[in-house]
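Below, all heavy atoms of this structure are taken into account, side chains as well, without hydrogens, waters or symmetry copies.
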Amino acid sequence: MTAFTPLHAALGGALIGVSAVLLMAALGRIAGMTGILSGAVFGGEGGRGWRLAFLLGAVAAPALLVALGLDVGFHSAVPRPWLVVGGLLVGIGVSYAGGCTSGHGVCGNARLSPRSAVATLTFMLSAFATVYVIRHLIGGF
């Protein structure tokens, strides 16, 4: 069972929001992680440099905290193969949804996009159903 930490959640959400606003203000780009990753790997409109810097920051920040001896707060009882399968399923879902939770949920909803509202609602309902099935019907993790 995961512990709810409202202060950490609020601070993390604020940092995500600030980074999304700064990226939009500086480069006119939406901070959708899968779009940024896809553009960094396969090339995309607007260059790879900023995408690689954004991804490096997303990986370097928690790595720095760990190096400083701080706990990043991520612990999973789920075996790694299941995490990989889950990540692949998310990647497939992202391609059907035309974006990820950060692109739709943070940036799209902030722009009052109806498409993003529907996508975010779908993401959330799917997550609620998955957690319910795994925890209460299957009895795992």
Side-chain angles (χ1 to χ4, degrees), residues 1-68 70-141:
M1 184 75 57
T2 55
F4 178 58
T5 55
L7 179 61
H8 290 121
L11 291 173
L15 288 172
I16 290 169
V18 167
S19 68
V21 168
L22 288 174
L23 186 62
M24 180 61 81
L27 299 177
R29 309 300 270 170
I30 292 175
M33 290 302 286
T34 53
I36 292 171
L37 178 62
S38 161
V41 172
F42 301 112
E45 185 181 319
R48 284 189 168 142
W50 71 267
R51 288 179 169 90
L52 291 172
F54 195 95
L55 293 169
L56 179 65
V59 172
L64 178 63
L65 291 176
V66 169
L68 293 172
L70 300 171
D71 183 19
V72 294
F74 177 79
H75 305 284
S76 177
V78 178
R80 287 190 195 268
W82 282 107
L83 292 174
V84 171
V85 169
L88 292 172
L89 289 173
V90 167
I92 292 167
V94 161
S95 66
Y96 284 116
C100 61
T101 52
S102 56
H104 282 301
V106 176
C107 300
N109 286 329
R111 295 180 344 208
L112 303 176
S113 165
R115 179 174 157 231
S116 291
V118 170
T120 304
L121 183 61
T122 303
F123 297 151
M124 295 306 294
L125 290 175
S126 297
F128 295 154
T130 301
V131 168
Y132 180 80
V133 168
I134 289 174
R135 289 198 175 167
H136 301 288
L137 300 182
I138 296 174
F141 311 116

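Side-chain N or O atoms of R115 include one that pairs as donor or acceptor with a backbone N or O of G98 at under 3.5 Å. In this structure, the side chain of S113 engages the main chain of S116 through a donor-acceptor pair within 3.5 Å.
Inter-residue side-chain proximity for L88 and V84 is flagged as met; some heavy-atom pair is nearer than 4.5 Å. Counting only heavy atoms from C-beta outward, the side chains of L23 and I36 approach each other to under 4.5 Å.
Shown here for C107 and A31, the closest heavy-atom pair between the two residues is SG-N, 3.5 Å.
Residues forming a side-chain contact (heavy atoms from CB on, under 4.5 Å) with R48 (at least two apart in sequence, or on another chain): L52. Applying the side-chain contact (heavy atoms from CB on, under 4.5 Å) test to S38 and every residue at least two apart in sequence or in another chain returns F42. Here T120 pairs with N109 under the side chain to side chain donor-acceptor pair (under 3.5 Å) rule; sequence neighbours left out.
W82 CH2 to I134 CD1: the interatomic distance, rounded to the nearest 0.5 Å, is 8.0 Å. Rounded to the nearest 0.5 Å, atoms CG (L11) and CG (L15) are 7.0 Å apart. Separation of atoms SG (C100) and CZ (F123) is listed at 7.0 Å; rounding is to 0.5 Å. A distance of 9.5 Å separates OG1 in T122 from NE2 in H104, rounded to the nearest 0.5 Å.
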> Going through the checks in order, is the side chain to side chain contact (heavy atoms under 4.5 Å, CB included) test met by R111 and I30?
Replying inline: CA-CA 10 Å; R111 295 180 344 208; I30 292 175; 2.5 Å; yes

> Hey, mind stepping through M33 and L55 against side chain to side chain contact (heavy atoms under 4.5 Å, CB included) and telling me if it holds?
Replying inline: CA-CA 8 Å; M33 290 302 286; L55 293 169; 3.8 Å; yes

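In this structure, H136 and Y132 have tilted ring planes: the angle between them lies in the 30° to 60° band.
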